[in-house]
Student: 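Mind having a look at this structure? Questions to follow.
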Amino acid sequence: MSKNRKKTYLITTALVVLFFVIIQSLIGLNLLNRYWQNILVLICINIIMATSLNLTVGVLGQINLGHAGFMAIGAYSAALFLKSGLVGGFLGFILSLIIAGVVAAIFGVLIGLPVLRLTGDYLAIVTLAFGEIIRVLIENLAFTGGAQGLAGIPTTNDFGKFYFVAAFLVAMIFTYASCRHGRAVLSIRDNELAAQACGINITKYKTFAFALSAVFAGIAGALYAQSFGVLAANIFNYNKSFDYLVMVVLGGMGSMTGAIFSSIGLTILPEILRSLAEWRMVIYALILIAVMIYRPQGLLGRKEFSIRNLLKIDKYKKGDVEVEQ
């Protein structure tokens, strides 16, 4: 790893920790009430969902309209584990995330293998159907609480847990997107035939990217269950999947930092407009339409916001000429 890259990672880590310290200080001083703490938790969950969906939509280049289905699987898996009372406390929190991720991964592989043979509109329709099938199954199974849902799920009020889980997962997504496996997936997105001719296993990389996206969505669902303590199947309907797709498109398909910024904005904006009652969703929709008209490629397009470029620490001298990597 180069010296400049190490410096970039250190600065990014320091900023993440500093932001956490600031938020915790505001909570400790009672400047952030419980309502806004819940909004912060929801922002963390939405960031995980949007960036994980971006693995499928932006990096792999396949439309997924059933992403909320994986979130539902993770949420109910974690909730049932926690309600069993086998393990509690911090260990129970961690185990619930692992169980949610594993169960979501299993469904991701089972669905990804046959479904990813399709492309375009056909894939979108099938994934939309999958999301609705999961919702209907949850509503009709006895152990999931049926249409009444699940209540009494053990919750945690520690914002730090949600924040650091979100930061860790987003870091993993960035790492995957920039490693050789991520670049192989990008090559499939750009030209599938050329990638196959170069020896890339199309089925393997497509399925793995889809399953990895499902893992992160499942963990986000587990965080959701432990944040609100109540689950209902209709929360995870197709509108939820569309919300996350809007976040990805608005930020720029393929841009992880764009997905992060749009997730934050689209989570906070309806709350800021809440005082306008029924007009708030009209204004919300008009803002989205305006952005899509004047910035159709999204806020960042396919580019990433870079601390390295912002601070100009990626320059080095080669002879007498300054070169920028």
Student: Does some side-chain heavy atom of L55 sit less than 4.5 Å from a side-chain heavy atom of M256?
Tutor: yes
Student: Are side-chain N/O atoms of T267 and N46 paired as donor and acceptor at under 3.5 Å?
Tutor: yes
Student: Does the plane of the ring in Y238 sit parallel, tilted or perpendicular to the ring in F242? Use 30° and 60° as the thresholds.
Tutor: perpendicular
Student: How about L245 and L65: do any of their side-chain heavy atoms sit closer than 4.5 Å?
Tutor: yes
Student: With R135, which residues qualify under salt bridge (Lys or Arg N to Asp or Glu O under 4.0 Å), at least two apart?
Tutor: E132, E139
Student: How many angstroms lie between CG in L186 and CZ in R183, if you round to the nearest 0.5 Å?
Tutor: 9.0 Å
Student: Please list all pairs meeting ring pair (Phe, Tyr, Trp, His ring centres under 6.0 Å) that have one or both residues in residues 25-69, counting only residues at least two apart or in different chains.
Tutor: none
Student: Which residues pass the side chain to side chain donor-acceptor pair (under 3.5 Å) test with T156, not counting sequence neighbours?
Tutor: none
Student: Can any side-chain N or O of T207 pair as donor or acceptor with the backbone N or O of K204 at less than 3.5 Å?
Tutor: no
Student: Is it possible for you to say whether V230 and M71 belong to one hydrophobic cluster, with membership spreading through side-chain heavy-atom contacts below 4.5 Å?
Tutor: no
Student: Is there side-chain contact between V185 and R189, with heavy atoms separated by less than 4.5 Å?
Tutor: no
Student: Could you tell me which non-hydrogen atom of M49 sits nearest to which non-hydrogen atom of A220, and how far apart they are?
Tutor: SD-CB, 3.6 Å
Student: A72 and I138: which non-hydrogen atoms are nearest, and at how many Å?
Tutor: CB-CD1, 3.9 Å
Student: Grab the two heavy atoms, one from N237 and one from N234, that are nearest each other, plus how far apart they are.
Tutor: ND2-O, 3.2 Å
Student: Working to the nearest 0.5 angstrom, can you tell me the gap between N64 CG and L123 CG?
Tutor: 7.0 Å
Student: Please report the interatomic distance CD1(I45) to OG(S263), rounded to the nearest 0.5 Å.
Tutor: 12.0 Å
Student: So T203 and L116, do their side chains get closer than 4.5 Å, heavy atoms only?
Tutor: no
Student: Please tell me whether L212 and L113 are part of a single hydrophobic cluster in this structure, the criterion being side-chain heavy atoms less than 4.5 Å apart.
Tutor: no
Student: Looking at CG of L118 and OG1 of T127, how far apart are the two atoms once the value is rounded to the nearest 0.5 Å?
Tutor: 9.5 Å
Student: If you measure from CD1 on I200 to CD1 on I188, what distance do you get to the nearest 0.5 Å?
Tutor: 6.0 Å
Student: Which pair of non-hydrogen atoms, one from G101 and one from V215, has the smallest distance, and what is that distance?
Tutor: O-CG2, 3.6 Å
Student: Can F168 be reached from V41 by stepping across I, L, V, M, F, W or Y side chains whose heavy atoms are under 4.5 Å apart?
Tutor: yes
Student: Between F70, F107, F210, which is the residue that forms a ring pair (Phe, Tyr, Trp, His ring centres under 6.0 Å) with F130?
Tutor: F70
Student: Compare all side-chain heavy atoms of T51 with those of V170 and state whether any distance is below 4.5 angstrom.
Tutor: yes
Student: In the structure I gave you, are the side-chain heavy atoms of S241 and L128 within less than 4.5 Å of one another anywhere?
Tutor: no
Student: Give the minimum heavy-atom separation between C44 and Y163, together with the two atoms involved.
Tutor: SG-CA, 4.0 Å
Student: Taking all non-hydrogen atoms of both residues into account, name the closest pair between A225 and T155 and its distance.
Tutor: O-CG2, 4.5 Å
Student: Would you mind listing every ring pair (Phe, Tyr, Trp, His ring centres under 6.0 Å) that reaches into residues 180-199, with sequence neighbours excluded?
Tutor: H181-Y205
Student: Output a table of donor-acceptor pairs, distance under 3.5 Å, between side-chain atoms of residues 76-98 and any protein atom two or more places apart or on a different chain; print 'none' if there are none.
Tutor:
residue: Y76; atom: OH; partner: A233; partner atom: N; Å: 3.2
residue: S77; atom: OG; partner: I73; partner atom: O; Å: 2.7
residue: K83; atom: NZ; partner: A151; partner atom: O; Å: 2.8
residue: S84; atom: OG; partner: F81; partner atom: O; Å: 2.4
residue: S96; atom: OG; partner: G92; partner atom: O; Å: 3.3
residue: S96; atom: OG; partner: F93; partner atom: O; Å: 2.6
residue: S96; atom: OG; partner: Q226; partner atom: NE2; Å: 2.8

Student: Are more than 12 heavy atoms, taken from residues, nucleotides or ligands other than R117, located less than 6.0 Å from that residue's CZ atom?
Tutor: no
Student: Has the side chain of N54 got a donor or acceptor atom that lies under 3.5 Å from a matching backbone atom of S255?
Tutor: yes
Student: Any link between M292 and Y294 through a network of hydrophobic side chains (Ile, Leu, Val, Met, Phe, Trp, Tyr) touching at under 4.5 Å?
Tutor: no
Student: If you define the side chain from C-beta out and look only at heavy atoms, does anything of E192 sit under 4.5 Å from K206?
Tutor: yes
Student: State plainly whether one hydrophobic cluster holds both V136 and L110, where clusters connect Ile, Leu, Val, Met, Phe, Trp and Tyr through side-chain heavy atoms under 4.5 angstrom apart.
Tutor: no
Student: Using 0.5 Å steps for rounding, measure from the CD1 atom of I173 to the OG atom of S213.
Tutor: 7.5 Å
Student: Please examine the side chains of I283 and L269, heavy atoms only from C-beta on, and report whether any two atoms are closer than 4.5 Å.
Tutor: no
Student: I'd like to know if the side chain of S227 and the backbone of L223 have a donor-acceptor N/O pair within less than 3.5 Å.
Tutor: no
Student: Would you tabulate the side-chain donor-acceptor contacts of residues 17-27 under 3.5 Å, counting partners in other chains and residues two or more places apart, or write 'none'?
Tutor:
residue: S25; atom: OG; partner: V21; partner atom: O; Å: 2.8

Student: Take F208 and Y176 through the test side-chain contact (heavy atoms from CB on, under 4.5 Å) and record every step on the way to the result.
Tutor: CA-CA 11 Å; F208 184 79; Y176 175 78; 3.5 Å; yes
Student: Using atom types as modelled and distance alone, determine if a side-chain donor or acceptor of Q37 lies under 3.5 Å from a backbone N or O of L32.
Tutor: yes
Student: Is it true that, when you exclude D121 itself, more than 12 heavy atoms of the residues, nucleotides or ligands shown sit nearer than 6.0 Å to its CG?
Tutor: no
